[in-house]
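What follows is a single structure, written as structure tokens, with notes after it.
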Amino acid sequence: MALSMFLRTPVCTNQAFTKQIMRLATYSATSNSSLTLRALPSVLSHKDHAIKPQTTPIFDSVRSFRTTAVRMSDDEKPHDHAKLWVIEKATSALLVPLIPLGLLIPNKLFDSLLAILITAHSFWGLEAIAVDYVRASIFGPVIPKIAIGLVYLISIATLGGLFYIISHDVGLANAVRHFWSVKSNSQVA
């Protein structure tokens with residue numbers, strides 16, 4: 001974004017560019033090149049003819065780029081999405097060893113952890129899809145709220161269904177084992 005703002009400003013008003021053109025012009029004047037001091041008024045603006053010593057490096061023009069400040073009321077606080085990102089990545093990383101461990105050692109603790117982490121992982125993915133693709137600028141103000149509501153409804157139903165399987169049925173890991181045994185029995189027959 002800073003580069004686009006830098007490119008939107010007229011090139012000839014940049015002091016670093018002006019300094020480079022003047023160096024090139026003095027070098028060209030001594031080496032009898034085609035770019036001479038007479039050609040500079042077409043390249044530089046009138047205010048840039050007088051070379052001023054540049055006290056700041058070119059990087060300061062990029063560092064000084066500012067966007068408009070976000071105005072919040074006194075009761076609002078800025079959201080820290082970096083912490084949520086770390087939690088999402090930790091959840092994904094925990095699923096890698098927990099899925100095989102839960103299938104090898106089926107018990108209610110591992111099944112419950114798997115149910116919570118799988119539901120949280122799928123909730124964040126569905127929420128990101130709903131927020132990114134069902135925008136208010138495209139669909140209006142109502143449909144995005146319905147989409148987020150459906151994401152919550154699907155996540156609650158998923159977690160409730162998984163906990164029902166864990167508490168009233170064979171459990172999550174044993175349900176996966178039963179599915180695998182049905183598939184292997186149908187291949188033998």
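Positions are given from 1, in the same order as the sequence printed here. Keep in mind the model is a prediction, meaning the values are calculated, not measured.
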Which pairs with one or both residues in residues 85-111 pass side chain to side chain donor-acceptor pair (under 3.5 Å), sequence neighbours excluded? Ser92-His121
Nearest 0.5 angstrom please: Leu113 CG to Leu94 CG, how far? 8.5 Å
Given the rule that I, L, V, M, F, W and Y join up when any side-chain heavy atoms are under 4.5 Å apart, are Phe139 and Val131 in one cluster? no
Hey, any chance Leu117 and Ile87 share a hydrophobic cluster, counting ILVMFWY side chains that come within less than 4.5 Å of each other, even indirectly? no
Can you hop from Phe123 to Ile129 via hydrophobic side chains spaced under 4.5 Å? no
Among Ile105, Ile99, Leu103, which one satisfies side-chain contact (heavy atoms from CB on, under 4.5 Å) with Leu101? Ile105
Chi angles and distances behind the side-chain contact (heavy atoms from CB on, under 4.5 Å) call for Val86, Lys83: CA-CA 5 Å; Val86 170; Lys83 290 179 183 175; 5.7 Å; no
For residues 146-171, tabulate all N or O donor-acceptor pairs below 3.5 Å that involve a side-chain atom, not counting sequence neighbours.
| from | atom 1 | to | atom 2 | distance (Å) |
| --- | --- | --- | --- | --- |
| Ser155 | OG | Val151 | O | 2.9 |
| Thr158 | OG1 | Ile154 | O | 2.7 |
| Ser167 | OG | Phe163 | O | 2.9 |

Inter- and intrachain pairs under side chain to side chain donor-acceptor pair (under 3.5 Å), touching residues 126-151, at least two apart: none
Say whether Ile118 and Leu84 are linked into one hydrophobic cluster, either directly or through other cluster members, by side-chain heavy-atom distances under 4.5 angstrom. no
When clusters are formed by joining ILVMFWY residues with side-chain heavy atoms under 4.5 Å apart, either directly or through shared neighbours, do Phe110 and Leu95 land in the same one? yes
